[in-house]
Amino acid sequence: MKKSHPIVYSLVVGFITMAHAPVQTKWTREMYAKHDYKSFAQLPMAHQPIDSKNIDYALLNAAIFYATNWQRDMHQQKPFKHSAALEKAAFEHSKDMMRLNFFSHKSPVQGKETSGKRIAAEGINNSYTGENIIYHSHIAGSYLDQAKKIILGWMNSPGHRRNILNSSYQYIGCGAYTGKFDEWANAIVATQNFSATDAPPSQEVVIDYR
């Protein structure tokens with residue numbers, strides 16, 4: 001297969017169970033409470049072309065979140081609520097997969113070996129949880145375009161689709177990371193983490209979007 005053709009791989013799992021430099025982003029956590037999929041899709045930033053050398057990861061994660069709720073709406077399911085704790089778990093797993101060049105729900109990083117451990121580390125314990133992962137061989141289009149491609153990839157897989165449309169999940173966090181992955185120089189890895197409950201409101205969640 002020629003390298004210019006997009007390659008997509010995905011896996012699914014489900015079970016029970018800032019001392020950093022500021023990052024420039026057009027998207028803030030407070031915006032999740034102000035937008036649904038339809039209003040997000042009207043924002044100019046959602047249609048901004050992705051610059052692979054200067055990616056707004058907070059905006060990319062939001063685009064995947066809203067593209068997921070687009071599918072929930074199309075299939076008569078209640079929209080997910082955003083969880084910063086789940087977003088952090090998802091984003092850091094995508095970053096680990098990209099930087100360490102592996103693609104699995106099982107991580108070689110100590111303390112983050114399973115999705116259950118990664119989610120519990122962010123304060124969500126004894127909850128019904130799940131995880132989807134996917135990678136594309138290259139980035140293309142706007143933030144929302146790329147997010148829709150990721151979601152449609154998951155929706156075309158029965159296991160991932162079940163997680164996305166599972167009515168028992170109330171919260172979701174999405175995280176994607178880009179870079180050199182396997183033989184691809186400009187790939188994107190994405191993770192969704194699902195849960196029936198969220199972390200306690202008192203828990204501070206800081207996400208390093210670098």
Side-chain angles (χ1 to χ4, degrees), residues 1 5-17 37 60-83 85-98 100-109 112-122 124-139 144-178 181-182 184 187-198:
M1 185 172 288
H5 291 182
I7 306 297
V8 180
Y9 292 98
S10 57
L11 290 176
V12 58
V13 66
F15 56 91
I16 300 290
T17 167
Y37 169 73
L60 180 56
N61 295 350
I64 299 171
F65 170 86
Y66 285 109
T68 305
N69 274 343
W70 163 56
Q71 288 295 322
R72 294 275 287 191
D73 181 66
M74 289 177 63
H75 292 85
Q76 292 77 53
Q77 292 291 337
K78 292 182 179 179
F80 284 123
K81 299 173 185 176
H82 173 257
S83 165
L86 291 175
E87 182 189 352
K88 183 178 180 181
F91 181 66
E92 291 190 351
H93 186 53
S94 290
K95 187 189 294 187
D96 287 342
M97 285 192 289
M98 179 65 72
L100 300 177
N101 198 38
F102 73 95
F103 182 67
S104 175
H105 294 290
K106 295 181 179 181
S107 172
V109 179
K112 302 164 84 175
E113 291 87 353
T114 67
S115 60
K117 284 187 176 182
R118 293 188 289 273
I119 292 171
E122 302 309 326
I124 301 174
N125 296 283
N126 303 315
S127 185
Y128 180 56
T129 66
E131 179 175 88
N132 286 345
I133 60 175
I134 194 169
Y135 83 80
H136 287 202
S137 58
H138 68 270
I139 307 166
L144 189 55
D145 288 340
Q146 181 65 70
K148 285 184 174 182
K149 290 174 186 175
I150 289 169
I151 298 305
L152 290 175
W154 277 322
M155 289 298 290
N156 287 329
S157 166
H160 301 90
R161 181 188 179 95
R162 281 194 296 270
N163 268 348
I164 289 172
L165 300 181
N166 190 334
S167 61
S168 296
Y169 293 136
Q170 304 296 314
Y171 296 89
I172 190 175
C174 305
Y177 207 74
T178 65
F181 190 74
D182 202 8
W184 311 106
I188 181 168
V189 176
T191 302
Q192 288 177 313
N193 282 134
F194 309 86
S195 181
T197 60
D198 198 9

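Please read these numbers as outputs of a predicted model, since none were measured by experiment. Counting begins at 1 with the first residue of the sequence. Just the heavy atoms: all of them, side chains too, but no hydrogens, waters or symmetry mates, feed the values below.
Atom CD1 of I188 and atom CG of L60 lie 4.5 Å apart (nearest 0.5 Å). The distance from the CD atom of Q71 to the CZ atom of R161 is 7.5 Å, given to the nearest 0.5 Å. Going from atom OG of S127 over to atom CG of L86 covers 8.5 Å, rounded to the nearest 0.5 Å. One finds the CG atom of N166 at 11.0 Å from the CD1 atom of I172 (value rounded to the nearest 0.5 Å). A distance of 4.0 Å separates CD1 in I124 from OG in S83, rounded to the nearest 0.5 Å. The OG atom of S104 sits 6.5 Å away from atom NE2 of H93, with the distance rounded to the nearest 0.5 Å.
Ring geometry for Y128 versus Y169: interplanar angle under 30°, hence parallel rather than tilted (30 to 60°). Between F103 and Y135, the two ring planes are perpendicular [angle over 60°; tilted spans 30° to 60°]. Between Y37 and W70, the ring planes lie parallel to each other; the angle is under 30°, not in the 30° to 60° tilted range.
Two residues are said to be in side-chain contact when any heavy atoms from C-beta on lie closer than 4.5 Å; D96 and F102 meet this criterion. Put simply, the side chain of T191 reaches to within 4.5 Å of the side chain of E131, judged on heavy atoms. A heavy-atom distance below 4.5 Å is found between the side chains of Q192 and I164. In this structure, the side chains of Q77 and S167 come closer than 4.5 Å at one or more pairs of heavy atoms. Here the side chains of N132 and F194 are in contact, with some heavy-atom distance below 4.5 Å.
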Evaluate the side-chain contact (heavy atoms from CB on, under 4.5 Å) criterion for residues M155 and M74: first the C-alpha distance (whole Å), next the side-chain angles of each, then the deciding distance (0.1 Å), finally the verdict. CA-CA 12 Å; M155 289 298 290; M74 289 177 63; over 6 Å; no

Step-by-step side-chain contact (heavy atoms from CB on, under 4.5 Å) determination, S195 to N193: CA-CA 7 Å; S195 181; N193 282 134; over 6 Å; no

For R118 and E92, what are the C-alpha separation, side-chain angles and deciding distance, and is it a side-chain contact (heavy atoms from CB on, under 4.5 Å)? CA-CA 9 Å; R118 293 188 289 273; E92 291 190 351; over 6 Å; no

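Closest approach of A187 and M98 over heavy atoms only: O-CE, 3.7 Å. The heavy-atom pair separating G173 from A90 by the smallest distance is O-CB, 3.5 Å. The two residues C174 and T68 make their nearest non-hydrogen contact at SG-OG1, 4.3 Å. What you find for G130 and I119 is that their closest heavy atoms are O-CD1, 4.3 Å. Contact detail for G175 and N61: the closest heavy-atom pair is CA-OD1, 3.3 Å. Listed here is the closest heavy atom pair of A196 and S168: CB-O, 3.5 Å.
One finds no salt bridge joining D198 and K81 here, because no Lys/Arg side-chain nitrogen approaches an Asp/Glu carboxylate oxygen to under 4.0 Å.
Counting only distance, with no hydrogens or angles, the side chain of N156 and the backbone of L152 share a donor-acceptor pair below 3.5 Å.
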